[in-house]
Amino acid sequence: PVPATMRVVLREDEAMKQACVAAVAGLALLGLAAAGHNPAEAAPEPFKIGWILPQVGPLAVMGGQYQDGGQVALQMINASGGFGGHPGQLIICDSQGQEAQAVICAKKLINQDGVNLLLGATGTPPTIAIEPTVAAAGVPMFALAGGDAAWVPVKKWVFKTFAGNDDQVPAELRFALAKGWKNAALI
């Protein structure tokens with residue numbers, strides 16, 4: 001029989017051998033993986049957000065403000081891990097504040113750029129104009145429109161993003177009446 005003190009040493013030697021074998025095997029696997037590793041293949045696909053914004057015309061100032069805010073938000077989202085590990089990417093298309101151009105943008109963003117989500121189209125008329133394209137493609141869109149015609153009746157692929165005219169005007173009128181104002185203008 002082997003003395004008890006020797007058994008402990010043998011067990012420790014055996015454990016050390018197993019740990020070394022495991023470490024070498026692990027390093028070998030890492031080396032094999034790194035040898036065949038292409039960083040471009042490992043990068044997750046971006047989550048593409050198509051944004052239909054007017055960059056010319058009467059809504060261009062608002063479109064620019066939206067774009068600036070969107071870029072800041074995207075930086076924050078990407079800094080916290082993106083969309084389920086996928087970095088966000090904004091793809092902007094200029095609607096020129098026109099319905100026909102908004103439809104061209106929607107088709108381009110969906111069919112050529114392969115966006116996962118649309119933001120658009122900054123204004124009620126262009127947003128309504130792109131809804132058939134959005135519905136046909138099955139791409140979700142967050143409607144940037146004040147008129148409830150953009151989301152009423154409920155549409156499968158269109159989502160309301162902010163308080164619309166029907167939400168805001170009654171509150172504004174109540175405020176003006178409470179102040180005793182006799183004349184008011186909404187711009």
Side-chain angles (χ1 to χ4, degrees), residues 44-177 181 183-187:
E45 290 287 320
F47 184 85
K48 296 179 183 178
I49 303 164
W51 204 341
I52 302 170
L53 289 171
Q55 296 179 320
V56 299
L59 295 176
V61 171
M62 186 169 44
Q65 293 168 344
Y66 282 174
Q67 185 174 346
D68 291 345
Q71 293 289 358
V72 170
L74 187 64
Q75 289 171 1
M76 293 170 63
I77 291 167
N78 284 340
S80 66
F83 298 88
H86 297 270
Q89 176 186 359
L90 278 179
I91 304 171
I92 308 290
C93 188
D94 181 10
S95 69
Q96 302 170 2
Q98 303 295 319
E99 291 89 346
Q101 185 61 34
V103 172
I104 291 168
C105 283
K107 289 178 180 179
K108 176 200 170 292
L109 291 166
I110 292 168
N111 299 323
Q112 291 176 18
D113 297 315
V115 298
N116 304 95
L117 173 75
L118 276 174
L119 301 174
T122 312
T124 304
T127 298
I128 292 170
I130 67 172
E131 287 178 352
T133 303
V134 167
V139 173
M141 175 182 67
F142 288 93
L144 302 175
D148 70 348
W151 53 81
V152 175
V154 173
K155 296 165 180 81
K156 182 176 182 177
W157 298 103
V158 179
F159 301 91
K160 181 178 179 179
T161 55
F162 51 76
N165 298 337
D166 291 349
D167 301 315
Q168 296 175 44
V169 173
E172 292 164 347
L173 288 174
R174 283 192 301 276
F175 176 81
L177 290 172
W181 295 350
N183 298 308
L186 296 176
I187 298 173

Quiz item: Pairs in or reaching into residues 96-128: which pass ring pair (Phe, Tyr, Trp, His ring centres under 6.0 Å), with residues at least two apart or in two chains?
Solution: none
Quiz prompt | salt bridge (charged side-chain N to carboxylate O under 4.0 Å, His left out) involving K155 - partner list, sequence neighbours excluded | solution = E131
Quiz item: By side chain to side chain contact (heavy atoms under 4.5 Å, CB included), which residues pair with T133, not counting sequence neighbours?
Solution: V103, A106, K107, I110
Which donor-acceptor pairs under 3.5 Å do side chains of residues 45-62 form with protein atoms, sequence neighbours excluded?
from : atom 1 : to   : atom 2 : distance (Å)
K48  : NZ     : D113 : O      : 3.0
Q55  : NE2    : Q67  : OE1    : 3.1

Quiz item: Ignoring hydrogens and geometry, is there a side-chain-to-backbone donor-acceptor pair from S95 to A102 under 3.5 Å?
Solution: no
Self-check item: For the student: nearest non-hydrogen atoms of W151 and A143, plus distance
Solution: CE3-CB, 4.3 Å
Quiz item: Below 4.5 Å, heavy atoms only, C-beta onward: do L177 and R174 meet side chain to side chain?
Solution: no
Exercise. Could you list the residues that satisfy side chain to side chain contact (heavy atoms under 4.5 Å, CB included) with P132, not counting sequence neighbours?
Key: none
Quiz item: Atom SG of C105 and atom CD1 of I91: how far apart are they, to the nearest 0.5 Å?
Solution: 12.0 Å
Self-check item: Gap between atom CD1 of I130 and atom CG of L109 - 0.5 Å precision
Solution: 9.0 Å
Self-check item: Flag side-chain contact, heavy atom, 4.5 Å: Y66 against L144
Solution: yes
Please tabulate, for the side chains in residues 70-78, all donor-acceptor contacts under 3.5 angstrom to protein atoms that are two or more places apart in sequence or on a different chain.
from : atom 1 : to  : atom 2 : distance (Å)
N78  : OD1    : G88 : N      : 2.6
N78  : ND2    : G88 : O      : 3.1

Quiz item: So which heavy atom on P140 is nearest to which on G138, and how close?
Solution: CD-O, 3.8 Å
Practice problem: Could you tell me whether the side chain of M141 reaches within less than 4.5 Å of the side chain of L119, counting heavy atoms only? | Solution: no
Exercise. Using the side-chain contact (heavy atoms from CB on, under 4.5 Å) rule, take D68 and Q65 through it: C-alpha gap first, then chi angles, then the decisive distance, then the call.
Key: CA-CA 5 Å; D68 291 345; Q65 293 168 344; 5.6 Å; no
Quiz item: Does the side chain of K160 come within less than 4.5 Å of D167's, by heavy atoms?
Solution: yes
Exercise. Run through L118, V158, L117 and flag the one making a side chain to side chain contact (heavy atoms under 4.5 Å, CB included) with F142.
Key: L117
Quiz prompt | Minimum-distance pair of heavy atoms, taken over all atoms of T124 and G146 | solution = OG1-N, 3.4 Å
Quiz item: About how many Å separate CD of E99 and OG1 of T127, when rounded to the nearest 0.5 Å?
Solution: 9.5 Å
